[in-house]
Amino acid sequence: MLNMLRSLLLLVVFCFLTCSCSDPEIEEEEINARAFMDILNAETGEDINLLSNLEWDYATNLTDANLKRKTQFAADMSVRVKVRWEEVMKYNWKAFSDPTLKRQFMLYSLLGDAALSKDEIVSLHRIIGDMSKIYSTAKICDYSDKTQCNLSLEPDIVEIHANSRDEAELKHVWVSWRDAVGPHIRNMYRDYVHLLNKTAHLNHFKSADELWLFEYEEFNMKSLKGQIRTLWEQVKPLYQQLHAYVRHGLRKRYGSIVSENGPIPAHLLGNVWSQSWANLADDFKPFPNAAEQDITKNLKKQNYTVEKIFRTAEDFFTSIGLPKMVDLFWKKSIFTKPSDRNIICHASAWEFQDGEDFRIKMCTKVTEENFNTVHHEMGHIEYYMLFKDLPLPFRRGANPGFHEAVGDLVSLSVKSPKHLKKLNLFDARLDDPELMLNNLFEIGMTKLPLLPFSYMVDQWRWGVFSGKIPFDDYNCKWWELRQELQGLEPPVPRSEADFDPGSKYHIPSSTPYVRYFVAIILQFQFHRAACEKAGQYDRNNPHKLLHLCDIYQNKAAGTAIRQMLSLGASKPWPEALYTMTGQHVMDASALLEYFRPLQTWLEKKNRENNVHVGWEKSTKTCTKGK
Ligand SMILES: *[C@@H]1O[C@H](CO)[C@@H](O)[C@H](O)[C@H]1NC(C)=O
Ligand SMILES: *[C@@H]1O[C@H](CO)[C@@H](O)[C@H](O)[C@H]1NC(C)=O
Ligand SMILES: *[C@@H]1O[C@H](CO)[C@@H](O)[C@H](O)[C@H]1NC(C)=O
Ligand SMILES: *[C@@H]1O[C@H](CO)[C@@H](O)[C@H](O)[C@H]1NC(C)=O
């Protein structure tokens, strides 16, 4: 009823506004289309709300019954989506004069999964659900007591990688985790790829990589992949310097198992996937004798609790004029791992398309890594809240990388020494250049390794989807890319009996990954723009460099961020980028500028140590066949 009223009202307003239209037929169709769109958005929103609730129920309680309910609903919904889509395609929307209406039609013109038959949808959801469950419930045995076999990824395996410096233990955990997941989902993954490829074909794409890149709409495939490659080439020299420096340190510690000029063994970098090396930052910091600034220790010393971490993150967002978390958020979110059921611990932020229900699901621990993750996830919630009143198709990030960049943008200020000091997490003088560099090193160890990793994950998947990487080469190609881009090698030889991609959450859960690469580039671009607006950035003033800037409580910076986020996907992403930065293209120069003092130091240090920069071919093999 309300919708009909609203449509009528819109009709009236619309007639007044469009008197100068030239083609009366299109004009009339556009009026009808507007009314249709209102109903379409309402019905679709309701469906998504119900589906999201069922997905939440499964993610937070991994039972077969819950998987069945969500799968059944998704299959039923797909029938409705297809009927609606057929209606959408009857409109001559490309000729519409109203860009907002036209763009909504454009976004609805991708049918997606619903192109599959009902049975195929059920299969697709079942495979993804089963793979995610295997991943989320896998257990391994303890290294020193092999009869204890209940270590799970979060928290046990993550913590061992973070804290252990015993090479044999790390190797055991690294290999066991891969044994516990990969081989069990390898064949399922092949079926999944087949269904995804079919979805792509039914949507008139060559293969599923094209389907996935639709989210970056404005550029054809080649140019988006090309842009990423160009950005990677720009940042690669910095990554290689860090790689060479860390390899040198690891070789001193572990001896000849770390080769002098080759790739780094993947189990030694403080992280299950070597995607962040932050847990080694303290081991290899540039100035080891400077006062210790261990954020995890300081969080504990300051009696931070899980809730206090969330409140601290919220405080930052509200200090720059972004919305605070609503009551429902505090009521319905899951902040710690429950003990009475299995859940997907991988942190995520949720919206339910009803304008009031937003949640985070996370198995939070009081550590620096989780402190960052909470900011990251809350950034998603801020985005959801700021675009919640837009027409439904626009309620998404300008592109997926934008969505991943919001929380990290804020983290860049939070992790400035100035801000850490405000939080009592940094207890030294702010004019000590050694401490400043140690801090920058820690941030580099967190962010830089994610660049080649995030590029690698989707390069692999693009190859798999397009058929360039065949099933009997899945694992060896994974390692070829790991070596080429990240400069890593496995601690033990691998074969096609393994399926190491499966040991990373986003593969079984079918979540695209190149968005994280885009997000790293963007967050520094946003940070530079925000700091400029806050009057804290001047590249010629050593006290106003990018890595020192903190936009806390700065309304000018906050207003700019708010404007960009409020656009959602109502405009092509280069326009959203432009509103914030005055640039239309992704650009790595802000990132390079931010890390310039670190890069200079690393180059000097690697020269002094006479360290080879780059890596030669690994001697660890991967054999085809089992
Ligand atoms: C988990 O879901 C099952 C249904 O599959 C239900 O019986 C059970 O109560 C749920 N557990 C919790 C803690 O919600
Ligand atoms: C793991 O199992 C051992 C013995 O089987 C038990 O003592 C320990 O409490 C268990 N740990 C967890 C986290 O369940
Ligand atoms: C943290 O808690 C301990 C024990 O309750 C207390 O002694 C200490 O003063 C607290 N520290 C801070 C910074 O509040
Ligand atoms: C996906 O479809 C493309 C185009 O038909 C084909 O070349 C490719 O081999 C398919 N990929 C897989 C994994 O089946």
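Counting starts at 1 for both ligands and their atoms, following the listed order. Note that the numbering runs from 1 along the sequence shown for the chain.
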### Message
Are His346 and Tyr135, when compared by the centres of their aromatic rings, separated by less than 6.0 Å?
### Response
no
Pairs of nitrogen or oxygen atoms, one from ligand 3 and one from the protein, closer than 3.5 Å: please tabulate them with distances.
unit_1: ligand 3; atom_1: 2 (O); unit_2: Asn303; atom_2: OD1; d: 3.2
unit_1: ligand 3; atom_1: 2 (O); unit_2: Asn303; atom_2: ND2; d: 2.3
unit_1: ligand 3; atom_1: 11 (N); unit_2: Asn303; atom_2: ND2; d: 2.9
unit_1: ligand 3; atom_1: 14 (O); unit_2: Asn303; atom_2: ND2; d: 3.3

### Task
Answer side chain, backbone, both or neither: which part of Ser466 comes under 4.0 Å from ligand 4, heavy atoms only.
backbone
#### Entry: Trp330 six-ring face occupied by Arg311 cation (under 6.0 Å, within 45°)
yes
### Interfacing atoms of ligand 1 (cut-off 4.0 Å, heavy-atom, Asp340)
13 (C)
### Query
Is Phe471 in contact with ligand 4, taking contact as a heavy-atom separation below 4.0 Å?
no
### Task
Examine ligand 4 and decide if any of its atoms is less than 4.0 Å from a heavy atom belonging to Lys206.
yes
## Note on the structure
Sequence neighbours excluded, the answer for side chain to side chain contact (heavy atoms under 4.5 Å, CB included) partners of Ala266 is Trp174, Ser274, Trp479, Arg482, Leu488
### Task
Report, in ascending order of atom number, the atoms of ligand 4 lying under 4.0 Å from any heavy atom of Val464.
13 (C)
### Query
Any N/O of Arg341 closer than 3.5 Å to an N/O of ligand 1?
no
### Query
Does an N or O anywhere in Phe465 fall below 3.5 Å from an N or O of ligand 4?
yes
### Query
Which ligand 1 atoms, with their elements, are less than 4.0 angstrom from a heavy-atom of Thr63?
2 (O), 4 (C), 5 (O)
### Query
Regarding Gln293 and Asp427, is there a side-chain donor-to-acceptor distance under 3.5 Å anywhere?
yes
### Query
Is Arg359 close enough and on-axis enough to Phe352, meaning under 6.0 Å and within 45°, for cation-pi?
yes
### Query
Under a 4.0 Å N-O cut-off, is there an ion pair linking Asp76 with Lys118?
yes
### Task
Answer with side chain, backbone, both or neither: which part of Asp57 has a heavy atom less than 4.0 angstrom from an atom of ligand 1?
neither
### Query
Considering only heavy atoms of Asn197, which atoms of ligand 4 have at least one such atom less than 4.0 Å away?
1 (C), 2 (O), 3 (C), 8 (C), 10 (C), 11 (N), 12 (C), 14 (O)
#### Entry: Heavy atoms from other residues, nucleotides or ligands near NE2 of His184 exceed 12 (cutoff 6.0 Å)
yes
### Message
To check you understand the geometry: which heavy-atom pair defines the closest contact between Cys363 and Asn370, and what is its length?
### Response
O-OD1, 3.8 Å
### Message
Applying side chain to side chain donor-acceptor pair (under 3.5 Å) as the test, list every pair that has at least one member in residues 412-423; sequence neighbours left out.
### Response
Glu368-Lys415, Lys415-Glu442, Lys418-Gln536, His419-Asp550, Lys422-Asp550
### Task
Not counting sequence neighbours, which residues clear side chain to side chain contact (heavy atoms under 4.5 Å, CB included) with Asn66? List them please.
Tyr58, Asn61, Thr63, Arg69
#### Entry: contact_flag His201 ligand 4 heavy-atom lt 4.0 Å
yes
### Query
Is it true that Arg461 and Asp458 make a salt bridge, defined as a side-chain N closer than 4.0 Å to a carboxylate O?
yes
### Query
Does the side chain of Gln275 come under 3.5 Å of the side chain of Lys504 through a donor N or O and an acceptor N or O?
yes
### Message
Need the ligand 4 atom indices (1-based, order shown) with element for anything under 4.0 Å from a heavy-atom of Val193.
### Response
13 (C)
### Query
Hey, which atoms in ligand 1 end up nearer than 4.0 Å to a heavy atom of Ala65?
5 (O)
